[in-house]
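Structure first, commentary second.
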Amino acid sequence: MKKLMILAIAMMVSFSASAQIEEGNWYVTPKAGISIADLTGKLYDPSKAEGTYDATLRPLTTFTVGADFLYAANDNLGVSFGLSYARQGAKTQDDLFRVSLDYINVPVMVNYYPFEKAGLALKAGIQVGFVTHKSMKIDGVNYDKEYERVRATVIRHLYNGRTVVLNGYNYVESEWSKGFNKVDCSIPLAISYELYNVQLEARYNLGLTKIMKDDAEASKNSVWQFTLGYKFNLGD
């Protein structure tokens, strides 16, 4: 039994010894995983909701992909900046109502390794996100800004310049789509563990910016992300 314990400890030490930053070096970590997005607040008053859906919003589970670039200030402290894609928003349980916002996120974080050569890292910083696409489903009908623009072009061509608009489409574009903020700020907090340069990370993004300009409830993004990545040493 003692021999097995010694062997297990030796294996753990050898495993973790490979997962450590070195002062002056640059690293890049491509990663991918799942994103569990939600919205704080109610976004609007459920009692005033139109349609047959339940207005209670629930998390939206999608995927995220990106990369982090890290500079090691010393063997225990690094500064990283990243670039990632994530779909955020929320939906109702019956999925008859859904808000989907695609973001390109740019986080800047401090990475702290509390134990030398242990592979554990604690991270915190600031993140700016830019909306690249927005869509909404209301009572089971999809309203998409890009889709409506294409449809209007086709209709104008077919009817010699006449604009034929389906009831409700212009309302969604002017009152909902244009009402979303194009930039989102949040505080990312994360913990990660590395083993032979394979990195498993859990990150929470605490939204600071309300997603709609005139939202009395001040609904903000609240996002959990779980990713798996591989860290490459780029040298100094």
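Position 1 is the first residue of the sequence; numbering continues from there.
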Verify the cluster assignment for [X] and [Y]: are they in a single hydrophobic cluster under the rule of side-chain heavy atoms below 4.5 Å apart?
X      : Y      : result
Val65  : Val106 : yes
Val198 : Tyr193 : no
Leu208 : Leu101 : no
Val28  : Leu228 : yes

Margin query: So, using side chain to side chain donor-acceptor pair (under 3.5 Å) as the criterion, who are the partners of Thr29 when residues are at least two apart?
Written below: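 Listed in chain order: nothing, the list is empty.
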Margin query: So, using side chain to side chain donor-acceptor pair (under 3.5 Å) as the criterion, who are the partners of Thr64 when residues are at least two apart?
Written below: none
Check: Side-chain donor-acceptor pair under 3.5 Å between Asn221 and Tyr103, yes or no?
Finding: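 Side chains of Asn221 and Tyr103: pair found under 3.5 Å.
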Checklist line | Ser80 and Tyr27 side chains, donor-acceptor separation under 3.5 Å | finding: no
So do [Y] and [X] actually touch side chain to side chain, heavy atoms under 4.5 Å?
X      : Y      : value
Gln199 : Asn197 : no
Thr209 : Asn181 : yes
Pro114 : Leu120 : yes
Gln127 : Cys185 : no
Val99  : Phe180 : yes
Leu60  : Ser100 : yes
Val79  : Leu70  : no
Leu234 : Asn25  : no

Next item on the list: Under the salt bridge (charged side-chain N to carboxylate O under 4.0 Å, His left out) rule, what do Arg203 and Asp68 come out as? Steps first, then yes or no, please.
Entry: CA-CA 13 Å; Arg203 179 177 299 193; Asp68 286 330; 3.4 Å; yes
Notebook entry, point to check: Charged N to carboxylate O under 4.0 angstrom, Lys210 versus Asp184?
Noted result: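 Answer for the salt bridge query: no.
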Check: Would the Phe81 and Tyr71 ring centres measure less than 6.0 Å apart?
Finding: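 Ring centres of Tyr71 and Phe81 not closer than 6.0 Å.
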Next item on the list: Step through it carefully: locate the ring centre of Tyr230, locate the ring centre of Phe232, and say whether they are under 6.0 Å apart.
Entry: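 Judged by ring-centre distance (under 6.0 Å), Tyr230 and Phe232 do meet the cut-off.
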Next item on the list: Could you give me the CA-CA distance, side-chain angles and deciding distance for Lys123 and Glu201, then say whether side-chain contact (heavy atoms from CB on, under 4.5 Å) is met?
Entry: CA-CA 10 Å; Lys123 310 174 184 180; Glu201 180 185 273; 2.7 Å; yes
Notebook entry, point to check: Hey, is CZ on Phe226 packed in by over 12 heavy atoms from elsewhere, all under 6.0 Å?
Noted result: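 Yes.
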Checklist line | Pair Leu77-Tyr112, side-chain contact (heavy atoms from CB on, under 4.5 Å): steps then yes or no | finding: CA-CA 5 Å; Leu77 191 67; Tyr112 175 59; 4.2 Å; yes
Next item on the list: Apply side-chain contact (heavy atoms from CB on, under 4.5 Å) to Thr61 and list each qualifying residue two or more places apart in sequence or on a separate chain.
Entry: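 side-chain contact (heavy atoms from CB on, under 4.5 Å) list for Thr61, sorted by chain: Ile36.
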